[in-house]
Asker: 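One structure follows; several queries about it will come next.
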There are 2 protein chains.
Amino acid sequence: MATIYDIAKKAGVSTATVSRVLNGVNHPIKEETKQRILQIARELDYRPNVIAKSLAGGKSHTIALIIPSITNDFYTQICEVIEEKLEQKGYHTYLCNTRRSVEKESRYIESLIARKVDGVIFSPTRVKPEDNHVNLKNIEKLKKHGIAVVAFGSQFKGVSQIYINTYQGAFDATSYLINLGHKRISFIDGLSAGTRKSRRRGYIKALEEAQINFDPSLVTAGNLRMEDGYSCTLELLKLKNPPTAILAANNLMAIGALKAARDKGLHVPGDLSVIGFDDSLLSMVVDPTLTVIKQPLKEIGEAAFKLLINQLEGKQKLETIQLNTYIIKRESCGIPKKRG
Amino acid sequence: MATIYDIAKKAGVSTATVSRVLNGVNHPIKEETKQRILQIARELDYRPNVIAKSLAGGKSHTIALIIPSITNDFYTQICEVIEEKLEQKGYHTYLCNTRRSVEKESRYIESLIARKVDGVIFSPTRVKPEDNHVNLKNIEKLKKHGIAVVAFGSQFKGVSQIYINTYQGAFDATSYLINLGHKRISFIDGLSAGTRKSRRRGYIKALEEAQINFDPSLVTAGNLRMEDGYSCTLELLKLKNPPTAILAANNLMAIGALKAARDKGLHVPGDLSVIGFDDSLLSMVVDPTLTVIKQPLKEIGEAAFKLLINQLEGKQKLETIQLNTYIIKRESCGIPKKRG
DNA sequence: CTCCTTTAGGAAACCGCTTACCTTAATTAT
DNA sequence: ATAATTAAGGTAAGCGGTTTCCTAAAGGAG
């Protein structure tokens with residue numbers, strides 16, 4: 001493997017000159033010398049040793065993406081856009097999958113510090129409320145080591161972040177159902193989502209604005225899996241005055257609701273309307289196809305990238321970008337039937 | 001940030017001793033000295049500079065996983081098991097997403113060589129047949145640089161690899177349909193899958209064994225997307241003597257087939273049986289739920305890990321592991337109705 | 001023709017750690 | 001008692017670059 005030293009020898013110059021040429025440093029070099037060095041580098045099939053570069057230069061030109069799951073579209077689609085942009089900027093990306101384990105998240109943070117990554121885009125893993133504390137500590141550690149940090153999916157003070165307005169999303173979804181004529185609207189909340197409270201607030205706010213009484217018996221919560229949506233829905237349908245529409249905190253629970261309705265012999269959307277959060281192929285494959293509140297994945301990725309670059313280039317240390325959700329209307333919502 | 005040098009100074013020893021203690025090198029050290037050094041390291045909150053370690057030691061203790069897509073369960077599930085095992089062995093994992101671009105694959109290979117990864121687990125991207133040549137070149141490059149390589153998903157000579165017996169899978173799927181009583185069985189092949197030929201062979205072999213004439217008009221191919229399965233199915237159903245069962249090369253096309261059947265007013269499995277390759281949440285969410293040939297993801301991951309470790313530890317340089325698929329019976333296949 | 005800038009390039013310290021090769025003292029073997 | 005080991009630790013040369021000073025020659029100004 002050719003080194004910068006080999007090139008220097010063959011070109012009859014010093015390694016300093018070679019390094020300057022190869023890195024386009026702002027230092028005068030005779031055009032002829034430059035070309036000669038480049039030519040020799042090509043002949044020798046030279047590739048810089050990135051590790052040596054990092055050690056000498058202090059920058060690793062590597063960014064880490066920390067996400068709770070790589071088997072979840074929501075994250076991987078965001079990652080794809082971030083990674084694409086980073087590559088264009090000459091950064092390499094580490095994808096770190098915490099598998100929803102804060103311990104693993106912490107271990108990754110250690111490892112990334114040791115690996116001297118330049119920046120981290122971070123979607124914290126929060127299973128229990130206490131995890132928030134660990135998340136915060138991890139962010140502090142990174143910052144202490146001079147690593148740029150951007151967070152999305154949860155809110156922290158003192159960090160550049162993407163804030164997704166799920167409050168508005170829940171509000172819009174609920175309002176949509178209200179406008180269709182629904183009055184008994186259930187909300188199946190997620191037990192451990194980072195943005196829990198805001199969804200619930202949006203739901204309640206929409207009811208208020210339409211002057212519909214908030215009925216706590218219409219609100220439950222599940223663990224974001226299909227079976228949770230299924231069982232919650234069965235419970236809701238047992239009420240003396242059951243809902244005519246259900247808003248679920250994610251798409252899996254919404255699909256569970258769909259299944260429950262079918263098993264109960266209810267027609268969707270005729271007898272029950274269902275709307276979910278988060279879009280994916282799943283939403284288009286179920287029957288009826290699922291109306292959802294979609295988070296703007298591409299924009300999230302682009303925003304995260306932008307905030308990170310701003311930090312790396314020293315332009316802006318701390319900023320927040322707010323993004324809105326939007327509704328994708330498919331088949332699972334409709335006008336409620338009059339009840340007998 | 002504390003360095004090994006700081007520790008040495010504080011402990012009144014040389015960096016050599018510190019390095020030995022910290023790495024548990026086989027070199028005698030007085031227990032007392034050892035404890036003192038460890039204690040000081042703790043006090044100083046010392047973390048080794050992984051970059052310097054790599055440069056000095058020649059090993060980066062990093063493995064790269066190269067896959068064509070991170071938004072595809074098939075790959076991400078395999079990655080999860082590999083990564084888990086690698087972490088236990090003290091390796092860090094880079095996840096590289098080629099997005100089905102051979103150019104990107106090649107760029108990653110360059111980058112990984114420069115980053116001195118110790119090994120690569122590689123699922124080649126092959127969109128056009130010519131890509132095979134690029135894949136091979138990339139593998140050669142890695143090997144030339146002394147990097148351990150394990151491949152899965154395609155076959156190459158001279159590389160440790162996991163071979164998944166999709167021939168058998170297609171054979172089993174077809175035989176299953178035959179045993180249910182089907183005689184007109186269609187096969188919707190994938191246009192660019194690495195294992196194309198073997199699936200087709202398995203399909204034909206099953207027909208042969210059951211002494212059913214192979215009818216080429218029952219075989220088409222699509223581009224592995226839902227809409228391809230949909231349109232192919234519509235074409236097949238237009239035949240004067242249409243199939244009573246369809247075997248699709250992946251699950252998305254199988255789901256497309258399901259949709260086509262429904263749009264044609266056909267009942268699945270009453271009027272048409274459908275079986276797909278590759279399992280995912282999607283298969284369980286559609287109605288009817290999809291019977292599939294599943295590839296043993298966990299085993300693939302474990303096998304890939306094993307082959308890689310064998311190479312890294314110098315036990316075995318070149319080996320192949322063969323794994324079988326298995327059928328998951330759900331609702332989309334049944335006994336064909338007698339035709340009038 | 002001086003004096004000051006530029007232009008072009010080199011020397012070598014440094015990044016943080018590993019490791020081959022030594023040294024010295026303490027054991028053990030003979 | 002002497003030679004041969006072993007234990008415990010040190011020295012310093014890398015690993016492959018980057019970068020801060022320097023130097024020397026050439027160009028421009030006065």
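Chain identifiers are assigned alphabetically (A, B, ...) following the order of the sequence lines, protein sequences preceding nucleic acid strands; residue numbering begins at 1 within each chain.
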Asker: Nearest to the side chain of B:Pro28, heavy atoms from C-beta on, is which of C:dT7, D:dA8, C:dT18?
Answerer: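 Nearest to the side-chain atoms of B:Pro28, counting from C-beta on, is D:dA8.
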
Asker: Closer than 3.5 angstrom, by distance alone: can the side chain of B:Asn135 be matched with the main-chain N or O of B:Thr125 as a donor-acceptor pair?
Answerer: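 Yes; judged by distance alone, with no hydrogens or angles, the pair exists.
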
Asker: Relative to the ring of A:Tyr91, is the ring of A:His61 parallel (under 30°), tilted (30 to 60°) or perpendicular (over 60°)?
Answerer: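 Rings of A:His61 and A:Tyr91: parallel, under 30°.
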
Asker: Taking the nucleotide of DNA chain C with the closest heavy atom to each, which residue, B:His27 or B:Tyr46, is nearer the 5' end?
Answerer: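 With B:His27 and B:Tyr46 compared, the 5'-side residue is B:Tyr46.
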
Asker: Distance check needed: C:dC17 P versus B:Leu22 CG, whole Å only.
Answerer: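 To the nearest whole Å, that distance equals 9 Å.
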
Asker: Checking all strands, does B:Ser14 fall into the base, sugar-phosphate, or nothing category for heavy-atom contacts under 4.0 angstrom?
Answerer: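 B:Ser14: base contact, heavy atoms under 4.0 Å.
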
Asker: Heavy atoms under 4.0 Å, any strand shown: does A:Ser54 hit a base, just sugar-phosphate, or nothing?
Answerer: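 Answer is nothing: A:Ser54 stays at 4.0 Å or more from every strand.
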
Asker: Would you kindly give the NZ-to-P distance between B:Lys53 and C:dG16, to the nearest whole Å?
Answerer: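 Atom-to-atom, B:Lys53 to C:dG16, this comes out as 14 Å.
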
Asker: B:Ala52 has a side chain; which of C:dA12, C:dG16, D:dT11 sits nearest to it?
Answerer: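 Output: C:dG16.
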
Asker: Considering only D:dT18, C:dG10, C:dT18, which nucleotide approaches the side chain of A:Arg20 most closely?
Answerer: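 For the A:Arg20 side chain, the nearest candidate turns out to be C:dG10.
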
Asker: By the 4.0 Å heavy-atom rule, please label B:Val13 as base, sugar-phosphate, or nothing.
Answerer: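 Sugar-phosphate contact only - B:Val13 comes under 4.0 Å of backbone atoms but never of a base.
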
Asker: Between C:dT27 atom P and B:Lys30 atom NZ, what is the distance in whole Å?
Answerer: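 Rounded to whole Å, this separation is 11 Å.
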
Asker: Taking everything shown except B:Lys104 itself, do over 12 heavy atoms lie less than 6.0 Å from its NZ?
Answerer: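 Counting neighbours around NZ of B:Lys104, more than 12 heavy atoms of other residues, nucleotides or ligands fall under 6.0 Å, so yes.
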
Asker: Would you state whether a donor and an acceptor, one from the side chain of B:Arg47 and one from the base of C:dG16, lie under 3.5 Å apart?
Answerer: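 Absent.
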
Asker: Among C:dT18, D:dG16, C:dG10, which is the nearest nucleotide to the side chain of A:Ala16?
Answerer: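 Out of C:dT18, D:dG16, C:dG10, the nucleotide with an atom closest to A:Ala16's side chain is C:dG10.
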
Asker: Look at the side-chain N and O atoms of A:Asn23 and state whether any lies under 4.0 Å from the OP1 or OP2 oxygen of D:dT18.
Answerer: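 Yes.
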
Asker: Base, sugar-phosphate, or nothing: which does A:Ile29 touch, judged by heavy atoms less than 4.0 Å apart?
Answerer: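 Here A:Ile29 touches the backbone only, sparing every base.
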
Asker: Figure out the NZ/P separation between B:Lys34 and D:dA8, and round it to whole Å.
Answerer: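 From B:Lys34 NZ to D:dA8 P: 11 Å.
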
Asker: Ignoring hydrogens and geometry beyond distance, is a side-chain donor-acceptor pair present between B:Thr98 and B:Arg107 at under 3.5 Å?
Answerer: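 The answer is no; no qualifying pair exists.
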
Asker: Checking A:Glu87 side chain against A:Lys85 main chain: does a donor-acceptor pair fall under 3.5 Å?
Answerer: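 Looks like no, no N/O pair under 3.5 Å.
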
Asker: What's the CD-P distance between B:Glu31 and D:dG9, to the nearest Å?
Answerer: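 Going from CD in B:Glu31 over to P in D:dG9 covers 11 Å.
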
Asker: Can you tell me the distance, in whole Å, between the CD1 atom of B:Ile4 and the P atom of C:dG16?
Answerer: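 Between P of C:dG16 and CD1 of B:Ile4: 11 Å.
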
Asker: At 4.0 Å (heavy atoms only), tell me whether A:Thr17 reaches a base, stays on the sugar-phosphate, or touches nothing.
Answerer: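 Sugar-phosphate, no base atom in range.
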
Asker: Check whether any side-chain N or O of B:Asn49 sits under 4.0 Å from OP1 or OP2 of C:dC15, and answer yes or no.
Answerer: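 For C:dC15, OP1/OP2 do not have a side-chain N/O of B:Asn49 under 4.0 Å.
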
Asker: Could you tell me the separation between the CG atom of B:Asp6 and the P atom of C:dC15, rounded to a whole number of Å?
Answerer: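 One finds 11 Å between P of C:dC15 and CG of B:Asp6, rounded.
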
Asker: Relative to the ring of B:Phe122, is the ring of B:Phe156 parallel (under 30°), tilted (30 to 60°) or perpendicular (over 60°)?
Answerer: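 Ring orientation, 0 to 90° scale: parallel.
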
Asker: Round to the nearest Å and state the distance from B:Lys116 atom NZ to D:dG16 atom C1'.
Answerer: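 It works out to 9 Å between those atoms.
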
Asker: Closer than 4.0 Å, any side-chain N/O of B:Thr33 to the OP1 or OP2 of D:dG9?
Answerer: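 B:Thr33 to D:dG9 OP1/OP2: side-chain N or O found under 4.0 Å.
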
